[in-house]
Amino acid sequence: MTARVADVEVSLDHWIGGERVPSDERFEDVSPIDERVIGEVAAGGADEARRAVDAALSAFETWGRTSPAERAAALHRVADGVEARIPELAAVETEDNGALLRSHLRGVMPRVVHNFRFFADWLLQLRHEDFDTRGHRNHVSWDPAGVAVLITPWNAPLMLETWKVAPALAAGDTVVLKPAEWSPLTASLLADVAAEAGLPPGVLNVVQGVGEEAGAALVSDPRVARISFTGSVPTARAIAARAAANLVPVSFELGGKSPLVVFGDADMDLAVGLAVEQYDNAGQVCLAGTRLLVEASVHDRFVAQLLDRIAALRQGDPRDPATDVGPQVTRAHLERVDGFVRRAVADGATVLAGGGPNTELGGLYYRPTLIADAPEGSEILTEEVFGPVLTVQSFDSEEQGVAMANATRFGLAATVVTSDDARAERVAAGLVAGTVWVNCFFVRDLRAPFGGSKESGVGREGGNWSFDFYCDVKNSVFAPSGQGRT
Ligand code: ADP
């Protein structure tokens, strides 16, 4: 079964062993733009999961033995295919998850291409210098591990899928990808691209379906060698429990409640500009610095400038290049976001901007919201909202600012704005987070480790860290030559 989406023909079936596979059960894929049903997507379960792992295992027999040069060439062909289809992929993803077309075209899809090229190239220079133990030569190698199950969320589907697919395939693993049920379409197009690029059947498989069925079946399969997951903490716990039964290594990138700390010496335009960026993707970004912590001496000036910038944000159809803030991904998600705001008000917080759905636009559009005076420890300050909702609090000293930044069970990212270089170093060192940005935001490099501290994740991916995860890292020790001769 297929659907025509933004003039592109998209298969709504699974991709298993190089074939399209339907399911009796199907689920509705709804566009956040106008809540229309795009199509009925195949809902995989235990059968489809088993078939996909069968296909991936059998493909591993040959893919796992290909040379790094062959795999790198294959990944570059996939990158070429993605590059050639950027306009289609961007348009389909916008219909599917409501993120801005302009961001997909300029930023997201080119990064998808880069994911494949980067890990292809990194594979070719992956080496650890040999070293000597009393005349014995130690040689470290990264061997393919087997079948990798990759489970991904809806907020940046193809970007987050390929951030896992590319290193897993480069490592020599074969893949079963389970995209999020709210935005399954570009994974299906990726399967087409991979097939056109000549990836052998079974090397990349896509199983569509809801998490508790398709996802749960995949992560329970004892034949799986690696599980990489990006999503929520409760789901991570469920996956970890299943992975534990089979002792399968996991890599988790989870939620955040990241701080953006503005010191009194900060460049105020920069600070306000970075704060307004936190509404990107309508706030549906795990890395977003949603807790604005501002030194008391500049708090009022910062808030006044930020309110002006919020008022200037244009909300609307994500296909319109003039739009800054699009819709929430589903009605259930919009209601969840609104629930957080309602309860914050009930707890005594003040809404400085937004505070509810955009009634002029209707649909799933939620106004960019700024909340002040939330009581210490209240839910809006501790739980991840994952919508266009920021809180602002003030602090009186560097020590207090850092303490407030770290007062969270999450630790994905933190942003610091200061013009004092010594303070920047001190504060970056004191923050508990997988990534710290100083006077910038979202500068990402695939060579860098990426992941979360505390409840924001398990493990790191990027550069060598990805290969360490997706491979069996082996040390071979060679006695001096001649020692083995009889
Ligand atoms: P979000 O809140 O971002 O939707 P989820 O953790 O619910 O986060 O979903 C992220 C991904 O995890 C999706 O692909 C979803 O289908 C999948 N998923 C949800 N529940 C499970 C589960 N029990 N086992 C495996 N995958 C799951």
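All ligand and atom numbering here is 1-based and tracks the order in the structure. Quick caveat: nothing in here was measured; it's all calculated off a predicted structure.
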> Please state which protein non-hydrogen atom is closest to atom 14 (O) of ligand 1 and give its distance, to 0.1 Å?
Thr152 O, 2.8 Å
> Tell me if the CZ atom of Arg237 is crowded by more than 12 foreign heavy atoms within 6.0 Å.
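At most 12 heavy atoms, drawn from other residues, nucleotides or ligands, come within 6.0 Å of this atom.
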> Can you tell me if Phe229 contacts ligand 1 (heavy atom of the residue under 4.0 Å from the ligand)?
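Yes; Phe229 lies near enough to ligand 1 that a heavy-atom distance drops under 4.0 Å.
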> If hydrogens are left out, which of Leu150, Ile239, Thr235 has an atom nearest to atom 20 (N) of ligand 1, that is, the closest non-hydrogen atom?
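Considering heavy atoms of Leu150, Ile239, Thr235, the nearest to atom 20 (N) of ligand 1 sits in Thr235.
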> For atom 18 (N) of ligand 1, what's the nearest protein heavy-atom neighbour? Residue, atom name and distance, please.
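Nearest protein contact, heavy atoms only, for atom 18 (N) of ligand 1 is Gly211 CA, 3.3 Å.
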> Within a radius of less than 6.0 Å around CZ of Arg51, do more than 12 heavy atoms belonging to other residues, nucleotides or ligands occur?
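No, because the 6.0 Å sphere around CZ of Arg51 holds 12 heavy atoms or fewer from other groups.
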> Counting heavy atoms only, name the option from Ala217, Ala180, Ser232, Gly209 that's nearest to atom 2 (O) of ligand 1.
Ser232
> Do protein heavy atoms approach atom 9 (O) of ligand 1 to less than 4.0 Å?
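So atom 9 (O) of ligand 1 lacks protein heavy-atom neighbours under 4.0 Å.
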> Classify the ring geometry between His333 and Trp154 as parallel (under 30°), tilted (30 to 60°) or perpendicular (over 60°).
perpendicular
> Is the closest heavy-atom distance from Trp182 to ligand 1 below 4.0 Å?
no
> For ligand 1, find out whether one of its N or O atoms is nearer than 3.5 Å to an N or O atom of Glu181.
yes
> Could you walk me through whether Arg343 and Glu383 pass salt bridge (Lys or Arg N to Asp or Glu O under 4.0 Å), step by step?
CA-CA 12 Å; Arg343 291 190 296 277; Glu383 297 298 317; over 6 Å; no
> Of the side chain and backbone of Trp154, name the one, both, or neither that has a heavy atom under 4.0 Å from an atom of ligand 1.
side chain
> Do the rings of Phe441 and Trp437 sit parallel, tilted or perpendicular, given the 30° and 60° boundaries?
perpendicular
> Look up atom NZ in Lys164 and atom CZ in Arg226, then write down how far apart they are to the nearest 0.5 Å.
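The distance works out to 14.0 Å.
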> Which heavy atom of the protein is the closest neighbour of atom 25 (C) of ligand 1, given with residue, atom name and distance?
Gly215 C, 3.3 Å
> Heavy-atom distance to atom 17 (C) of ligand 1: which of Val219, Val329, Ile151, Leu160 wins?
Ile151
> Enter the distance from Ile227:CD1 to Asp221:CG here, rounded to the nearest 0.5 Å.
9.5 Å
> Rounded to the nearest 0.5 Å, how far apart are CH2 of Trp15 and CG of Leu177?
13.5 Å
> Quick check: does Ala238 get an N/O under 3.5 Å from an N/O on ligand 1?
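Between Ala238 and ligand 1 (N or O atoms, distance only) the closest approach is not under 3.5 Å.
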